[in-house]
Structures are given as C-alpha cells and as structure tokens.
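Have a look at the structure below before the remarks.
Every chain is numbered from 1 and lettered A, B, ... according to where its sequence line falls, protein lines coming before strand lines. Hydrogens, waters and symmetry mates are skipped; everything else that's a heavy atom, side chains included, is used.
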Amino acid sequence: MRFEIEVELDGMTYEYGIAFELPERFKELRVLEEKLAVNGKPIYTREQAEVHLGAKQVQELTARELMIGAHFRIDWHLVALPIVQEQSQKDPLFVFKQWLARMLILRPIPQLIQGDSDHETLQPNAQVTDFAAWFAGLLALAPAAYSTIDDYLKRLMPDLKDIKNPVIGKDSRSLVVQFSANQGSPSILESLTVPFEDLSDGEKCFMICALVLAANDAYGPLFCFWDEPDNHLALPEVGHFVLALRKAFQRGGQFIATSHNPEAIRRFSDENTIVLHRRSHLEPTTARRLDEMQIEGDLVGALIRGDVEP
Amino acid sequence: MTNRYHPHVLVLPEDDANSRLANGFILGLDQSVLARIQVLPEVGGWRAVLDTFEVDLVARMDRFTQGYLVLLIDFDGEDGRLDDVKRRIPERLSDRVFILGAWTEPEALKRAGLGSYETIGAALANDCRYGTDTSWSHALLQHNADEIHRLRQHVRPILF
C-alpha cells in the first residue's frame with residue numbers, strides 16, 4: 001500500500017511518499033520505505049527501519065551527531081515524518097509538516113456545533129465541533145481576517161450586524177450573532193442576538209465557509225477537502241456556495257469537494273471532476289477524470305440514470 | 001441566494017458545455033459580486049431554452065424587475081437564429097434579455113485552442129471587465145458584438 005503526495009509551496013515542489021507492507025506472520029503493517037524530497041533533493045529517505053538524512057540536514061547536525069552518522073534507526077511500525085526534527089521555521093521539513101497540519105478536512109455536523117470555546121486552534125476537527133475555537137484562533141493570529149468573514153456573510157445575510165465572542169468564564173468564550181433591521185425595511189424588532197448554536201444548519205455552514213475563505217487568506221495556501229459541502233444548504237444557495245469556495249482558492253491553495261448534488265456537480269467542469277466508482281465492497285474504488293469518459297447527453301441526467309461508470 | 005429585489009443576472013444555458021462556459025465567466029468575476037449572478041440548470045437545446053424562458057421566466061421577470069437574463073445558446077451556424085430567438089422575447093423584456101453563444105457550438109471553441117470552457121468563460125469575463133474584445137472578437141464569437149454592446153450598458157454595473 002503506497003501513499004504519495006506532491007505539493008508546491010513557495011515555488012518549491014515537495015514530494016512525500018510512504019509505502020507499507022504486511023509480511024507473512026506479521027500482525028501489523030510495517031513501513032517498507034518513506035521519502036520526503038524538495039525540488040527532487042531528498043530531505044530524508046527511509047528503508048524499513050533505516051532513516052538517512054539528506055545533505056542539508058547533515059550540514060545542520062552537530063559534530064557529535066555526525067560521529068554517530070547521518071542515519072538512524074526507528075521502529076519500523078512508526079512513520080518517520082513526525083520524528084525527524086526540523087531545525088528552524090524555514091526548514092523545508094517544518095514548512096511541509098505545518099502545511100500538512102493545517103490541511104482542512106471538513107465533514108461538518110452542524111447540529112453538534114456549539115458556540116463555546118475554551119482554547120484556540122488553527123486545526124479544526126472534521127466535524128468542526130470546535131468551530132468557536134477555530135474562530136478564536138484565526139482572529140488571534142490575524143484580526144484582519146474578520147473583515148473577510150464579515151464581507152462574505154453580509155452578502156448572504158444582509159441583516160447580519162456582527163459576531164461577538166465574549167468571555168463567559170475563566171478561559172471560556174461563547175459566540176453570539178447579532179442581526180439588525182436594514183434601513184428602510186419594515187421589521188418588528190430593531191435587532192436580534194442569537195447564540196451561535198441556535199443558528200440553522202445552513203447558516204452554520206455559511207459560517208464555516210467564511211472561516212475557510214478567511215483562513216486561506218490569513219495562513220494559507222491551504223488544502224481544503226470538504227465532504228458534501230451542499231449538505232444542509234437550501235437549493236438556491238448551493239451554486240453560490242461552491243463557486244465562492246472555488247473562486248477563493250483560485251488565488252492559492254486547493255479545494256476539493258465530494259458531492260452527489262446535481263447543482264454542486266454542475267458548478268465544476270469535466271477537467272476538474274473525478275468520478276469515483278466501486279463495483280462491490282470487495283473491489284477497490286476506481287477514480288477517473290470526467291473528461292476521459294464518454295458521457296451521452298447531459299451529465300446530471302447520466303448520473304441519475306446510473307450511466308456514469310469509469 | 002441571489003437577491004431577487006436587487007439587480008441580478010440569471011444565465012440559462014442550453015447544455016453542459018454552455019453551463020461550463022458560464023462557470024468560467026463567474027469564476028472570472030470578483031468574489032464580492034458572485035451572489036448577483038446565478039446559472040440555471042441546462043435545458044437541452046436552444047428550443048428548450050425558449051420554452052423554459054416562456055413557461056418559467058417571463059412571469060418571474062415581470063415580477064422581479066431588477067433581474068436580467070442571458071440565454072446561452074448554440075447558433076449552429078444559422079444566420080437567422082438570433083432573430084428567431086428575439087421574436088419570442090416580449091417587447092417589454094427586450095432590454096433585460098440577452099442572447100449569446102458560440103457561432104456553431106462551444107466544442108468548436110475548444111477545438112480552436114482557446115482552452116477549457118472555464119478558461120474561455122473567464123477570458124470573456126476579463127474582456128467585459130476591461131472593455132476589450134480579445135476573446136469576443138474570435139471568429140466563433142464575433143457575431144455576439146451587438147448583444148455584448150447592449151449587455152455592457154445594462155449589466156456591467158452589476159457585475160464589474
């Protein structure tokens with residue numbers, strides 16, 4: 001089993017690969033080989049338990065470490081990437097690890113998202129149940145990110161006034177969202193304050209989208225994978241939602257979404273759509289670009305008929 | 001959601017290819033105006049575009065008077081296609097409905113080496129933004145000149 005990832009960061013191409021094997025009589029997979037290279041030059045390579053550091057890493061070793069040698073052994077069940085130590089924040093190893101750590105893998109469950117937080121983070125969990133901690137972490141890192149959040153949300157919810165995150169106890173905060181009547185529009189109330197957890201599922205998804213856009217600006221370029229971003233959205237919102245994310249990631253980073261929703265699928269094109277298909281539970285999932293397939297008639301119609309098979 | 005009571009643009013494409021051109025056009029706009037334009041589901045042929053327009057959209061345009069509509073069709077090399085379509089547009093809506101499309105079909109634009117549909121759409125948006133005709137003057141698109149001129153007068157302030 002082999003995993004490979006290639007990413008361009010600050011004009012440099014990072015290639016990371018890891019392969020596992022399951023020898024006879026083994027109960028667990030062990031690492032067969034592993035490698036991180038930048039612009040083709042290895043940062044480290046590894047064969048089973050033996051890790052070899054690349055030339056740059058060797059230059060930065062102390063004399064004592066050099067006596068030991070520019071290689072070391074680790075348990076062959078462990079991945080070397082988190083173990084090999086970076087020398088500074090400019091070290092390519094640090095740059096790559098930080099990019100990996102800040103990758104956004106999102107599968108939000110809005111019903112579970114509350115507005116309370118007792119810490120700050122830039123690495124939300126997949127269900128985004130720590131939304132409030134992410135909000136706090138993002139604004140602590142880059143207060144100007146609030147303007148991106150505000151711009152995006154006010155286009156969708158013109159009556160949004162602001163989002164506040166007041167202290168409610170020792171080290172804890174709770175998000176509240178304020179709405180106010182637009183000038184000239186008839187309204188029973190002048191303003192309304194809503195605890196974050198009382199927003200609708202779709203509104204919470206707008207909030208997450210706003211943070212994704214702001215995060216990509218503030219500490220990107222990010223890789224963002226969103227599993228079915230159309231979930232919880234009203235039909236007229238789906239197209240705008242997907243295109244706003246695609247547009248935001250044109251400037252840097254990468255956005256990937258999975259979807260079964262016709263409107264979300266329509267907002268992508270043949271050359272950037274990959275069709276995943278599995279014939280049975282016993283066979284692997286196959287992936288094929290849509291522009292390599294012959295589709296009769298319109299795509300959504302073919303998908304509904306079940307005629308799209310890689 | 002597009003605010004129906006504010007100026008907005010709907011695009012009705014005849015097929016997948018035209019829908020993707022529209023995607024590219026939208027991706028060529030600023031993030032701040034994305035909510036002012038919406039691509040409707042493709043309907044399968046230029047005649048179906050007209051049927052959908054008459055059945056679903058005429059009454060909507062009467063109701064929401066800030067809305068503009070772009071019918072994105074294939075001209076299939078037919079000189080009379082534009083007039084055929086215009087005849088089906090009520091006089092009262094003629095300032096708010098525009099008819100655009102490739103002279104034959106969008107596939108020909110790709111074959112002509114203009115790039116993917118999204119690339120072509122984004123290039124057309126750039127022309128609209130800067131008032132140029134770099135892409136719109138292509139042999140397969142230059143027949144749109146009069147409609148583009150009208151479009152710039154009415155729609156440019158909404159999207160650019």
| Most contacts with chain A, counted as non-hydrogen pairs under 4.5 angstrom, among B:I37, B:I26, B:L27 | B:L27
| task | Give a yes or no on whether A:L235 atom CG has more than 12 heavy-atom contacts from other residues, nucleotides or ligands under 6.0 Å away. | result | no
| request: Examine whether an atom of A:L243 lies under 4.5 Å from a heavy atom of chain B, and if so say whether it belongs to the side chain, the backbone or both; otherwise answer neither. | output: both
| Contacts of type side-chain contact (heavy atoms from CB on, under 4.5 Å), residue B:T132, not counting sequence neighbours | B:D127, B:Y130, B:T134
| message | Please classify the contact of A:A248 with chain B as side chain, backbone, both or neither, using a heavy-atom distance under 4.5 Å. | response | both
| remark: Residue from A:P158, A:A244, A:G239 scoring the most non-hydrogen pairs under 4.5 Å with chain B is A:A244
| request: Return the option, out of B:A35, B:A17, B:A22, B:G44, with the maximum number of heavy-atom pairs under 4.5 Å with chain A. | output: B:A35
Compile the donor-acceptor pairs, distance criterion under 3.5 Å only, formed between chain B and chain A.
unit_1	atom_1	unit_2	atom_2	d
B:M1	N	A:E237	OE1	2.5
B:M1	N	A:E237	OE2	3.4
B:T2	OG1	A:H240	NE2	3.4
B:D16	OD2	A:L299	N	2.7
B:S19	OG	A:R267	NH2	3.0
B:R20	NH1	A:D270	OD1	2.2
B:N23	OD1	A:R267	NE	2.7
B:N23	OD1	A:R267	NH2	3.3
B:N23	ND2	A:R266	O	2.8
B:L27	O	A:K247	NZ	2.7
B:L29	O	A:K247	NZ	2.8
B:Q31	NE2	A:A244	O	3.2
B:I37	O	A:H240	NE2	2.9
B:E42	OE1	A:R266	NE	3.2
B:E42	OE2	A:R266	NE	3.3
B:S116	OG	A:E271	OE2	3.3
B:E118	OE1	A:R246	NH2	2.7
B:E118	OE1	A:N272	ND2	3.4
B:E118	OE2	A:R246	NH1	2.8
B:E118	OE2	A:R246	NH2	3.3
B:E118	OE2	A:S269	OG	2.6

| task | Check whether A:L233 gets within reach of chain B through its side chain, its backbone, both or neither, counting any heavy atom under 4.5 Å. | result | neither
